[in-house]
Chemist: 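First, the structure itself, so that you have it in front of you.
The sequence lines fix the lettering, A, B, ..., with proteins before strands; numbering per chain opens at 1.
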Amino acid sequence: MDASYDPQAVESRWYRVWEEAGVFRPEVNPEGEPFSIVIPPPNVTGVLHIGHALNMSIQDVIIRRKRMQGFAALWLPGTDHAGIATQNVVERELAKEGLSRHDLGRERFIEQVWAWKAKHGNRINEQVRRLGFSTDWSRERFTFDEGLSKAVGHVFVELYKQDLIYRGERIINWCPRCHTALSEIEVEHEEEIGELTHIRYDYTDGTGSVVVATTRPETMLGDTAVAVHPEDERYKDAIGTTVTLPLIGREVPIVADDGVELEFGTGAVKVTPAHDPLDFEIAQRHGLPAVKVIDTEANITRAGGEFFGQDRFEAREAVRHELNKQGYMVKIEDHHHSVGHCSRCGTVVEPMLSLQWFVKVGPLVGPSIALIEDGGARYVPKRWENNYFRWMENLRDWCISRQLWWGHRIPAWYCDDCDEVMVTIDEPQGCKSCQGSNLTQDQDVLDTWFSSQLWPFSTMGWPEETADLAEFYPTDVLVTAYDIIYFWVARMIMMGVHFTDGEPFRDIVIHGLVRAADGRKMSKSIGNAVDPFDVADEYGADALRLALLQAASPGHDIPLNVEWIDAARRFGNKLWNAVRFALNHVESGSVPGEGGYPTEPGAIDRWILARLGEVTVEYDKLLEEYRFSDAVGLLYNFAWSEVFDWYLEMAKTSLRKPESAEATRQTLGVVIRDLLALFHPVIPFVTEELWSELVGDGLVAATSWPSPPQQAAPAGMDELQALVVSIRRFRAEHELSPKKELAVLVDDPNDITSGWWRDQLEVLANTTADFDGPPAEVAGHTRITSGSLQAFIPLAGVVDIEAERPRLEKAIAEAEDLLGRSRAKLDNPNFTERAPADVVAGEERKVEEFSAKLDKLRTQLSELG
RNA sequence: GGGCGUUUAGCUCAGUUGGCUAGAGCGCUUCCCUUACAAGGAAGAGGUCACUGGUUCGAGUCCGGUAACGCCCA
């Protein structure tokens with residue numbers, strides 16, 4: 001083995017071995033209980049970003065641990081066809097050749113997209129492998145593959161039959177660049193400073209005027225009414241009369257509607273039913289016509305008169321200019337308002353009246369809320385449940401049709417002869433109403449999320465009753481960032497509850513977003529995005545995973561610091577060298593793959609085995625609770641601070657003694673082996689490599705989860721460690737060389753030390769120890785207390801006696817402070833009466849300890865004179 | 001406007017049924033190339049846990065209020 005660890009060499013080696021051994025297939029544990037996770041499918045066009053790395057690192061820890069615990073663990077991978085995103089990518093490619101999708105036509109364009117997927121779609125899978133994620137590739141799925149498409153068709157038809165899908169004219173959000181309708185949550189609202197234009201509308205009878213205000217003056221071209229609140233005294237007499245629209249000359253009514261806010265602006269609002277959702281509702285209530293004045297290109301329609309053909313923003317200026325010129329402009333003022341943008345391309349969306357397909361969500365909401373309320377599934381952390389409830393309660397019907405080509409075609413056919421609509425999975429042979437044969441399929445495709453919402457069960461073969469569905473559904477855990485709870489999680493719950501009569505998953509583990517080191521969102525445009533593969537190349541995939549998991553406090557965003565990754569990389573090297581040390585003493589291959597704990601461990605061996613037992617139990621518990629950061633922190637500190645810093649150092653002494661060497665050899669082997677196994681789900685590559693060096697047989701990926709026997713630690717270990725640290729500190733404070741051997745006399749009234757203890761003290765603190773203490777003549781020694789023990793160091797020839805004074809005074813002050821605190825508590829009868837007995841006993845112990853220590857220190861100080 | 005989160009060491013963050021002499025990594029100071037590791041070891045400095053009021057024997061932790069920052073929804 002090399003003296004230092006090179007992640008590149010190791011990480012390229014193991015994935016293929018795991019795959020060929022079939023360890024990622026649940027069949028590897030044929031007797032095991034099923035345990036399953038479906039991956040949140042990344043966009044097939046995409047590349048994995050650091051957020052995916054976090055998301056999948058968490059899932060891999062879960063699934064690798066369960067696998068090692070004997071479950072038939074399935075982690076199902078796959079990708080999402082990502083309608084708009086993918087179509088945009090391919091259209092951009094075409095644009096380079098000066099072509100648009102319309103030049104190719106629908107069929108050839110879709111062929112192009114499939115070709116693109118065949119060429120580039122595998123990149124994500126390679127990336128998943130590079131980071132070591134243990135997905136079962138034999139079950140890989142794609143939202144647009146045959147089976148999943150069948151599920152989509154089935155769901156659409158069923159929902160239609162159940163009257164939960166309908167087609168209708170509603171205000172939808174239109175992206176004029178993507179040329180498609182969007183759902184509410186595909187629109188991102190941004191606060192912007194706009195201008196509020198006040199316009200005067202004259203009463204048609206010439207008796208006066210009303211002023212309305214708008215941030216989108218161009219929409220006045222499509223006004224079909226002015227609305228006021230029914231109880232607004234200012235307009236009481238005007239209700240039922242008409243105004244004449246400036247520029248257009250149309251006579252429109254003044255209507256009274258509760259939806260108008262009395263307080264806002266002048267209290268009168270212009271009504272543009274075709275381009276505003278609230279206005280549309282008003283129009284519905286009053287039977288007003290809708291006039292479309294903006295088309296799908298965001299240009300003004302013929303209904304806009306002289307402004308026909310102008311872009312909406314040009315028209316905004318032109319309308320203002322003309323209103324001003326004709327004297328209808330009252331004023332313009334600055335105004336903060338939120339403007340919707342397409343979440344895909346950032347273009348300002350246009351609310352627009354349009355004939356689209358919708359999911360009626362009302363009947364689906366109740367059972368989906370009940371599932372969480374009744375504990376059928378739960379969010380971790382729990383606080384996300386409130387967000388979920390609030391969102392579900394305010395849900396509006398979901399626009400699912402998209403004017404794209406790449407996606408699941410809507411399974412609806414229209415009869416050209418009689419207007420019959422037929423919704424069926426397979427193309428109908430003729431019109432069921434007029435028997436005509438001129439049928440046209442709906443041109444639109446479904447929102448990508450319509451297929452993603454079926455992912456937990458469509459991937460298992462649903463609606464067929466497959467073996468996988470029976471075994472692995474419902475899934476156990478869903479791991480996702482909070483930003484897609486609405487897009488995805490909520491809808492999976494709705495569909496899971498509705499169609500599979502149960503929860504799609506039981507635990508919904510929510511994690512945060514990975515942010516740049518300065519806390520800002522990572523984005524390509526700011527240029528602060530960290531590419532996980534750059535990190536993997538420089539530091540190793542293991543280091544990236546370890547760093548992310550250490551930082552992954554439940555549900556919180558994590559700023560990514562390179563320092564953390566670097567520290568994680570150094571841990572790999574440390575582990576590497578610990579194994580090298582072990583292999584200097586333990587023959588490679590002699591360590592059993594599991595079990596093999598020594599039957600007669602020595603004292604230091606019992607100590608580390610006891611700690612290993614405790615840490616294993618605690619680590620396992622933390623992982624079960626999804627507290628990854630705490631779990632990894634615990635194991636990391638145990639490995640480094642206890643195994644490496646203490647046990648390995650103590651083992652050196654033990655291994656030199658024939659009577660203790662064999663037990664320590666065995667212990668060293670199994671402790672390091674168990675560390676590798678416990679760490680494996682977090683850092684799979686380096687642990688597998690080291691396993692092959694140390695154990696030699698089998699794979700750590702396929703081994704059993706460690707269960708070290710519970711041991712009692714030997715007496716004296718705490719005292720030994722405290723004493724060693726104190727002696728080292730004494731040295732440091734007096735600037736004594738670590739090489740200078742100190743003579744120490746130890747007084748051990750309770751007789752807790754024995755041979756091993758003395759050996760360790762001599763080596764670890766570089767002392768020659770005499771256990772006959774205390775010395776006859778105490779003066780001239782410094783003394784160090786450690787539990788019931790005292791150690792005396794003769795100062796003659798070592799340090800000037802006076803030099804001990806400040807050290808002692810400081811130690812006395814500290815002890816006094818601590819003693820004071822504990823005494824104060826115990827002096828308080830309320831404390832002794834009300835605090836739990838063990839807490840009181842703890843304080844009593846402290847008082848004893850601190851006063852004994854203080855006595856000794858004071859004695860020593862007085863001896864200085 | 002409504003909701004949620006954050007505020008702890010120079011920096012980035014842990015701290016889950018209230019018992020803390022408040023931790024980690026990085027950075028900083030001093031010493032050490034001791035045959036696993038200098039990508040290392042040893043020792044150390046550094047915090048009125050945002051502010052404020054309360055509950056409690058006891059509050060970083062629970063409750064009320066204030067401030068700043070961030071996110072989500074309208």
Chemist: Looking across every strand, which nucleic acid part, if any, lies under 4.0 Å from Val579(A) by heavy atom: base, sugar-phosphate, or nothing?
Modeler: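 Here Val579(A) touches no strand at all.
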Chemist: Taking Glu281(A) first and then Arg170(A), would you say they form a salt bridge - that is, a charged N and a carboxylate O separated by under 4.0 Å?
Modeler: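 Salt bridge: no.
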Chemist: Identify which one of Lys652(A), Lys657(A), Arg656(A) satisfies the salt bridge (charged side-chain N to carboxylate O under 4.0 Å, His left out) criterion when paired with Asp759(A).
Modeler: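 Filter result, single survivor: Lys657(A).
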Chemist: Which heavy atom of Trp391(A) sits nearest to which heavy atom of Ala490(A), and what is that distance?
Modeler: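 What the structure gives for the nearest pair is CZ3-CB, 3.4 Å.
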Chemist: Could you please name the option among rC13(B), rC37(B), rU16(B) that lies closest to any side-chain atom of Asp630(A)?
Modeler: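 The closest nucleotide is rU16(B).
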Chemist: What nucleic acid atoms does Pro381(A) come within less than 4.0 Å of, heavy atoms only: base, sugar-phosphate, or nothing?
Modeler: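 Nothing, no nucleic acid heavy atom in range.
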Chemist: Kindly point out which of rA39(B), rC37(B), rU21(B) is positioned nearest to the side chain of Lys574(A)?
Modeler: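 So the side chain of Lys574(A) is nearest to rC37(B).
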Chemist: Are Tyr379(A) and Tyr482(A) near enough that their ring centres are under 6.0 Å apart?
Modeler: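 No - the distance between ring centres of Tyr379(A) and Tyr482(A) does not fall below the 6.0 Å cut-off.
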Chemist: Just checking Leu583(A): base, sugar-phosphate only, or nothing, at a heavy-atom cut-off of under 4.0 Å?
Modeler: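 Result for Leu583(A) = nothing.
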Chemist: Using OP1 and OP2 only, check whether a side-chain N or O of Arg390(A) sits under 4.0 Å from rG2(B).
Modeler: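 False: Arg390(A) side-chain N/O out of range (4.0 Å or more) of rG2(B) OP1/OP2.
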Chemist: Is the phosphate of rU16(B) approached by Arg627(A) (side-chain N or O, under 4.0 Å from OP1 or OP2)?
Modeler: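 Answer no for this pair, as no side-chain N or O of Arg627(A) is under 4.0 Å from OP1 or OP2.
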Chemist: For atom C1', what is the distance between rC31(B) and rG25(B), given to the nearest Å?
Modeler: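 Comparing C1' positions in rC31(B) and rG25(B) gives a spacing of 22 Å.
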Chemist: Remember a base hit wins even if backbone is also touched, and classify Tyr486(A) as base, sugar-phosphate or nothing at under 4.0 Å, heavy atoms.
Modeler: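 Result for Tyr486(A) = sugar-phosphate.
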Chemist: For rC20(B) versus rG58(B), give the span between their C1' atoms, rounded off to a whole number of Å.
Modeler: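 Straight-line distance between the two C1' atoms is 12 Å.
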Chemist: Provide the distance between the two P atoms, one in rA68(B) and one in rC26(B), to the nearest whole Å.
Modeler: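 Roughly 36 Å separates the two P atoms.
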Chemist: Over all strands shown, is Lys652(A) touching base, sugar-phosphate only, or nothing at heavy-atom distances under 4.0 angstrom?
Modeler: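 Answer is base: heavy atoms of Lys652(A) come under 4.0 Å of a base.
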Chemist: Are OP1 or OP2 of rU21(B) and a side-chain N or O of Lys846(A) less than 4.0 angstrom apart?
Modeler: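 For rU21(B), OP1/OP2 do have a side-chain N/O of Lys846(A) under 4.0 Å.
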Chemist: Think Ser641(A) has a side-chain N or O under 4.0 angstrom from the OP1 or OP2 of rA24(B)?
Modeler: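 No.
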Chemist: What's the gap between rC11(B) and rG3(B) when it is taken at their C1' atoms, as a whole Å value?
Modeler: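 Looking at atom C1' only, rC11(B) and rG3(B) are 31 Å apart.
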Chemist: Salt-bridged, Glu804(A) to Arg807(A), with N to O below 4.0 Å?
Modeler: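 Salt bridge between Glu804(A) and Arg807(A), a charged N being under 4.0 Å from a carboxylate O: yes.
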Chemist: Does a side-chain N or O from His556(A) land closer than 4.0 Å to OP1 or OP2 of rG5(B), or not?
Modeler: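 No, outside the criterion.
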Chemist: Just to be sure I understand the rule, does Arg569(A) reach a base, reach only the sugar-phosphate, or reach nothing, if contact means heavy atoms closer than 4.0 Å?
Modeler: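 Arg569(A): base contact, heavy atoms under 4.0 Å.
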Chemist: For the P atoms, the ones on rC13(B) and on rU7(B), what distance do you get once it is rounded to whole angstrom?
Modeler: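 Looking at atom P only, rC13(B) and rU7(B) are 9 Å apart.
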Chemist: Base, sugar-phosphate or nothing for Asn828(A)? Non-hydrogen atoms, less than 4.0 Å.
Modeler: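 Touches sugar-phosphate only.
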Chemist: If you only use heavy atoms from C-beta on, which nucleotide in rC37(B), rG19(B), rG25(B) is closest to the side chain of Asn577(A)?
Modeler: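 Comparing rC37(B), rG19(B), rG25(B) against the side chain of Asn577(A), the answer is rC37(B).
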Chemist: P atom, rA38(B) versus rG44(B): distance in rounded Å?
Modeler: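 These two P atoms come out 24 Å apart once rounded.
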Chemist: Please report the distance separating the C1' of rC69(B) from the corresponding atom of rC51(B), rounded so that it comes out in whole Å.
Modeler: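 It comes out at 15 Å once rounded to the nearest Å.
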Chemist: Using a cut-off of strictly less than 4.0 Å, decide whether Trp640(A) has a side-chain nitrogen or oxygen near OP1 or OP2 of rG41(B).
Modeler: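 For rG41(B), OP1/OP2 do have a side-chain N/O of Trp640(A) under 4.0 Å.
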Chemist: Do Arg491(A) and Trp398(A) meet the cation-pi criteria used here (NZ or CZ under 6.0 Å from the six-membered ring centre, within 45° of the axis)?
Modeler: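 Relative to the ring axis of Trp398(A), which defines the angle, Arg491(A) lies inside both limits.
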Chemist: Are the side chain of Asp507(A) and the backbone N or O of Val509(A) linked by a donor-acceptor pair below 3.5 Å?
Modeler: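 No; judged by distance alone, with no hydrogens or angles, the pair does not exist.
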Chemist: Using the P atom as the reference point in each nucleotide, state the distance between rG60(B) and rU52(B) in Å, no decimals.
Modeler: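 Going atom to atom, P in each nucleotide, I get 13 Å.
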Chemist: Report which part of the nucleic acid Ser4(A) touches: base, sugar-phosphate, or nothing (heavy-atom distance under 4.0 Å, all strands).
Modeler: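 Base contact.
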Chemist: Give a yes or no on whether the backbone of Arg580(A) and the side-chain of Asn577(A) come within a donor-acceptor separation of less than 3.5 Å.
Modeler: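 Not a single qualifying donor-acceptor pair exists.
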Chemist: Counting side-chain heavy atoms from C-beta on, which of rG19(B), rA14(B), rC31(B) comes nearest to Ser553(A)?
Modeler: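 For Ser553(A), the side-chain atoms sit closest to rA14(B).
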Chemist: For RNA chain B, whose closest nucleotide is more 5', that of Val839(A) or that of Asn830(A)?
Modeler: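 Its nearest nucleotide being more 5', the pick is Val839(A).
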Chemist: How would you label the contact of Lys810(A) with the nucleic acid (heavy atoms, under 4.0 Å): base, sugar-phosphate, or nothing?
Modeler: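 Result for Lys810(A) = sugar-phosphate.
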Chemist: Classify the nucleic acid contact of Ala835(A) as base, sugar-phosphate or nothing, counting any heavy atom under 4.0 Å across all strands shown.
Modeler: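 Counting heavy atoms under 4.0 Å across all strands, the contact made by Ala835(A) includes a base.
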Chemist: Which nucleotide in the list rG44(B), rC13(B), rG41(B) gets nearest to the side chain of Arg729(A)?
Modeler: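 Looking only at side-chain atoms, Arg729(A) lies closest to rG44(B).
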Chemist: Which is more 5' along RNA chain B, the nucleotide nearest Lys825(A) or the one nearest Ala578(A)? Just name the residue.
Modeler: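 Closest to the 5' end, via its nearest nucleotide, is Lys825(A).
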Chemist: Looking at every strand, decide which applies to Trp646(A) at a 4.0 Å heavy-atom threshold: base, sugar-phosphate, or nothing.
Modeler: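 No contact.
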Chemist: Please give me the minimum heavy-atom distance between Leu655(A) and Ala661(A), naming the atom from each residue.
Modeler: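 Minimum heavy-atom contact is O-CB, 3.5 Å.
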Chemist: Within the 4.0 Å heavy-atom criterion, would you say Phe850(A) contacts the bases, only the backbone, or no part of the nucleic acid?
Modeler: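 The answer is base, as Phe850(A) lies within the cut-off (heavy atoms under 4.0 Å) of a base atom.
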Chemist: So, the side chain of Arg783(A) versus the backbone of Ile793(A): is there a donor-acceptor pair under 3.5 Å, distance only?
Modeler: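 Between the backbone of Ile793(A) and the side chain of Arg783(A) there is no qualifying donor-acceptor contact (under 3.5 Å).
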Chemist: Answer with base, sugar-phosphate or nothing: what part of the nucleic acid does Glu833(A) contact at a heavy-atom distance below 4.0 Å?
Modeler: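 No contact.
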Chemist: Between atom CG in Asp566(A) and atom P in rC26(B), what is the gap in whole Å?
Modeler: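 Atom-to-atom, Asp566(A) to rC26(B), this comes out as 9 Å.
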Chemist: Which one, rG19(B), rA43(B), rG25(B), comes nearest to the side chain of Arg728(A)?
Modeler: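 So the side chain of Arg728(A) is nearest to rA43(B).
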Chemist: Taking Leu278(A)'s backbone N and O only, do any of them form a donor-acceptor pair with Asp276(A)'s side chain (distance below 3.5 Å, no angle check)?
Modeler: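 Yes; judged by distance alone, with no hydrogens or angles, the pair exists.
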Chemist: Salt bridge or not between Arg821(A) and Glu816(A)? Use side-chain N to carboxylate O under 4.0 Å.
Modeler: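 No.
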Chemist: Spell out, as yes or no, whether a donor-acceptor pair under 3.5 Å connects the side chain of Ser629(A) to the backbone of Gln550(A).
Modeler: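 Between the backbone of Gln550(A) and the side chain of Ser629(A) there is a qualifying donor-acceptor contact (under 3.5 Å).
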Chemist: In residues 813-824 of chain A, what residues come within less than 4.0 Å of RNA chain B, judged by heavy atoms?
Modeler: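 Contacts with RNA chain B under 4.0 Å: Leu818(A), Arg821(A).
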Chemist: For the side chain of Asn637(A), starting at C-beta, report the closest nucleotide among rA36(B), rG44(B), rA24(B).
Modeler: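 Taking heavy atoms from C-beta onward, the closest nucleotide is rA24(B).
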Chemist: Measure from the side chain of Tyr482(A), starting at C-beta and using heavy atoms only, and say which of rC71(B), rA43(B), rA36(B) lies closest.
Modeler: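 So the side chain of Tyr482(A) is nearest to rC71(B).
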Chemist: How does RNA chain B read in dot-bracket, base by base from 5' to 3', with Watson-Crick or G-U pairs under 3.5 Å and | used when the partner is on another strand?
Modeler: (((((((..((((.....[...)))).(((((.......))))).....(((((..]....)))))))))))).
